[in-house]
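A short worksheet on the structure shown next.
Heavy-atom basis, side chains included; hydrogens, waters and symmetry copies ignored.
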Amino acid sequence: NVTIKLPTSHFRKKGKLQSLIDIYEELNYDITLKSQDGEHKRPRQTTTEEVFSTVIEELYPSRNYCVSVAVSASLNKHFIPSPWKCVTADSEARQGYHEAAVAGAVCVSLVIAAVLKCVHSAGFILQKISLPQTLV
């Protein structure tokens with residue numbers, strides 16, 4: 001989860017400091033993710049909020065990641081990316097994934113048991129009665 005707070009502007013209107021959203025209404029932002037595999041630039045997104053969050057998914061556990069954000073406006077392409085902020089991803093998977101894996105394993109086991117029971121009832125495996133010689 002990356003929380004982004006836009007920098008303050010130096011423009012004033014009626015003595016009040018204007019935010020970048022007050023000036024541009026909508027801003028673009030690019031998130032660059034750096035890990036041992038190299039840098040990966042995520043698709044450009046837009047915002048109309050001064051403080052917002054975004055979630056970066058599909059990270060490997062226990063791996064160090066660094067994030068930098070560059071904010072720009074459609075009218076002004078001059079921007080300076082934020083300094084790199086680094087953190088290590090959690091070492092264990094979320095609880096929901098464990099529950100889903102167990103539920104999936106139970107379902108697969110039930111399907112296999114049902115198929116084996118049907119095959120046994122049809123007489124294809126573990127036959128108790130031997131077939132007459134003409135049917136062998």
Side-chain angles (χ1 to χ4, degrees):
N1 189 11
V2 178
T3 301
I4 301 164
K5 182 180 178 189
L6 296 177
T8 58
S9 73
H10 301 291
F11 296 107
R12 293 184 182 273
K13 185 175 185 181
K14 297 181 182 175
K16 182 184 172 202
L17 202 60
Q18 297 289 291
S19 71
L20 291 176
I21 295 297
D22 293 334
I23 298 168
Y24 295 108
E25 294 181 6
E26 184 177 80
L27 294 170
N28 302 318
Y29 66 94
D30 298 305
I31 297 178
T32 305
L33 187 67
K34 185 165 50 171
S35 70
Q36 65 189 28
D37 298 333
E39 284 188 18
H40 172 71
K41 196 168 195 173
R42 297 177 46 90
R44 175 170 286 177
Q45 297 181 6
T46 60
T47 185
T48 57
E49 300 175 33
E50 289 208 42
V51 179
F52 56 97
S53 295
T54 185
V55 176
I56 299 175
E57 297 181 5
E58 300 175 6
L59 300 178
Y60 293 104
S62 301
R63 189 176 285 188
N64 193 40
Y65 290 95
C66 298
V67 176
S68 178
V69 180
V71 178
S72 63
S74 59
L75 301 174
N76 186 353
K77 299 295 182 190
H78 301 287
F79 60 88
I80 299 172
S82 69
W84 290 101
K85 300 284 184 183
C86 300
V87 68
T88 302
D90 289 339
S91 60
E92 57 183 63
R94 294 182 186 152
Q95 187 65 26
Y97 295 124
H98 294 298
E99 293 168 358
V102 170
V106 169
C107 289
V108 168
S109 299
L110 289 174
V111 168
I112 290 173
V115 168
L116 287 175
K117 179 63 178 163
C118 290
V119 171
H120 173 69
S121 296
F124 291 111
I125 60 171
L126 299 174
Q127 297 175 348
K128 294 181 182 176
I129 303 171
S130 60
L131 297 173
Q133 189 63 30
T134 57
L135 294 176
V136 176

Exercise for the section: Over all heavy atoms of both residues, which pair between Thr54 and Asn1 is shortest? Give the atoms and the distance, please. Expected result: O-OD1, 3.3 Å
Exercise for the section: Determine, using the 4.5 Å side-chain heavy-atom cutoff (strictly less than), whether Phe79 and Trp84 are members of one ILVMFWY cluster. Expected result: no
Practice task
Give the intermediate values and the outcome of side chain to side chain contact (heavy atoms under 4.5 Å, CB included) for residues Leu27 and Leu20.
Solution key: CA-CA 8 Å; Leu27 294 170; Leu20 291 176; 3.7 Å; yes
Handout entry: Pairing residues for Asp22 by the salt bridge (charged side-chain N to carboxylate O under 4.0 Å, His left out) criterion, not counting sequence neighbours
Key = none
Problem - Cluster overlap Tyr65 with Ile56, hydrophobic side-chain contacts below 4.5 Å - result: yes
Problem - Residues which pass salt bridge (charged side-chain N to carboxylate O under 4.0 Å, His left out) with Arg42, listed by chain and number, not counting sequence neighbours - result: none
Handout entry: Closest heavy-atom pair and its distance - Ala89, Tyr60
Key = CB-O, 3.4 Å
Practice task
Consider only side-chain heavy atoms of I, L, V, M, F, W and Y, link residues closer than 4.5 Å, and tell whether Leu33 and Val2 are in one cluster.
Solution key: yes
Handout entry: Gln36 and Arg63, any side-chain heavy atoms less than 4.5 Å apart
Key = yes
Handout entry: For the student: nearest non-hydrogen atoms of Ser53 and Thr3, plus distance
Key = OG-OG1, 3.2 Å
Handout entry: Donor-acceptor pair, side chain of Ser82 and main chain of Val69, under 3.5 angstrom
Key = yes
Completion exercise
Smallest heavy-atom separation, Val71 atom then Tyr29 atom, equals CG2-CB, 4.2 Å
Handout entry: Reported OG1-to-CG distance for the pair Thr47 and Asn28, which is rounded to 0.5 angstrom
Key = 10.0 Å
Handout entry: Among Leu110, Ile112, Val106, the one residue meeting side-chain contact (heavy atoms from CB on, under 4.5 Å) with Val108
Key = Ile112
Exercise for the section: Heavy atoms only: give me the nearest Leu6-Glu49 pair and the separation to one decimal. Expected result: CD1-O, 3.4 Å
Practice task
Flag yes if more than 12 heavy atoms outside Glu39 fall under 6.0 Å of its CD atom; otherwise flag no.
Solution key: yes
Problem - Side chains of Ser68 and Thr32, donor plus acceptor under 3.5 Å - result: no
